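Since the model is a prediction, treat every value here as computed from it, not as a measurement. Read the numbers this way: they start at 1 and go in the same order the structure lists the ligands and their atoms.
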Amino acid sequence: MQNVDYIIRADFLLTMEGDLSVIKDGAVAVTGSDIIDTGTFSDISKQYTSENLLSGKNKAVFPGLINTHTHAAMVYFRGLADDLPLMDWLQNHIWPAEGKWMSEEFVGDAVELACLEMLKAGVTTYTDMYFFQNAAGKKLEKIGMRGVLGAGVIDFPFTGYAASVEDYFTNAERHINNWKGSELVYPCIAPHATYTCGPDNYKRSNDISEKYNVPIHTHLAETQFEVGECQRRYGKTPVEYLEGMGLLSERLSAAHCVWLTDNEIELLARRKVGVAHCIESNLKLASGFAPVAKMLKAGIKIGLGTDGAASNNDLSILGEMSTAAKVHKAVSGDPTVLDSKTALLMATRYGAEILGLGDKIGSIKPGKRADLVIADLDQPHLLPIYDIYSHITYCMRPSDIETVMVNGKILVENGKPTTMDEAEIMDKARVWQEKIKS
Ligand SMILES: [Zn+2]
């Protein structure tokens, strides 16, 4: 008998591996940061013992959810400007607010609120594009959550962060050197979009990504405005523009990808570009409907992203799963499109793969890190149970997430954070709210 740190038992264990079959009365053995074994509880309890037996009756265990595109610190702008088109929203509301308030302190405080919201909703990893990522990295280390933190790059200076364009690259390289090799914080470089980054900035970002072998993350083909603007400036669509500079590769994860031609879908598949699908942000900003069914058919790996809380307005991946699964049925006129298993794959294993973390997270498999969630099924809206995948995609709410483990450590226990002071974080948010409102 081998002694392990935890044995986690559940009525339904969804590993997201193999043929996706559910292990009934399953168990996971965890030691240190790693998953040691999975199987039926009866098999696991014959081989392992532990003082910590978690979960049990009326529970489901599945991999930690992965948010493949957000701007975490924007939680402080949640609800600040709603019901507007993207460019009006950005230029007249969000950029001025960021210009006025963004600082190391703002990002550090805001990221804590974002992590609190995400962890309590079962999100264990997020990909971010923003500034002052060192402040975010320090918070993630303290909390114990995982993040792919993209240092933002744009063509114009940003008061307090980059006095010149050169500073974005100095800051990005410093960020990469700071965090490369960290167990929880994965540095990344994030040129913002085709309408805010010229060829020089994209090429330099790509060179840095290649030099340090870190992911590159950008917004791509989000709106018709962007496509028109790119054609006007460069005579190319956004995808052609990036292809011309050699940006399209396995290292790239592109958020949105709403406006793509069939040829561009084939090209993204061939170049193994990962896509972060942000359905609720696209709906709210009326950006359009990404051709998700076609992209999946072409073999493109797609994860789910919330985008920033200012355009969503929450950071719930369970919400994205439900919305994506329903909207693409209506848009394609085919109710078999994006079924509940695919939705959970996008929220877990596919998400990990597009971030280059497929060998570490995204499924419950021996040798991977122990990032997993325990959901409470003893809820009126979750009974009766005929298909657990259907329930997770269509019925489950963030409040059903009971316990969350990241890297083998419990960060949320019975709905309460173990490494964060919830009351203090919410008080800080109210203080910032007053400042921003004034
Ligand atoms: Zn975004």
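With 2.8 Å as the limit, H256 does not count as an N, O or S neighbour of the Zn ion (ligand 1). For H71, the nearest N, O or S atom to the Zn ion (ligand 1) falls under 2.8 Å.
In this model, no donor atom of one side chain and acceptor atom of the other lie less than 3.5 Å apart for Y241 and R233. Neither side chain, H69 nor T127, offers a donor N or O lying under 3.5 Å from an acceptor on the other.
Nearest to the Zn ion (ligand 1), among the N, O or S atoms that D307 has, is OD1.
The line from CE of M118 to OG1 of T124 is 10.5 Å long, rounded to the nearest 0.5 Å.
In this structure, the ring of F62 has its center no less than 6.0 angstrom from the ring center of F12.
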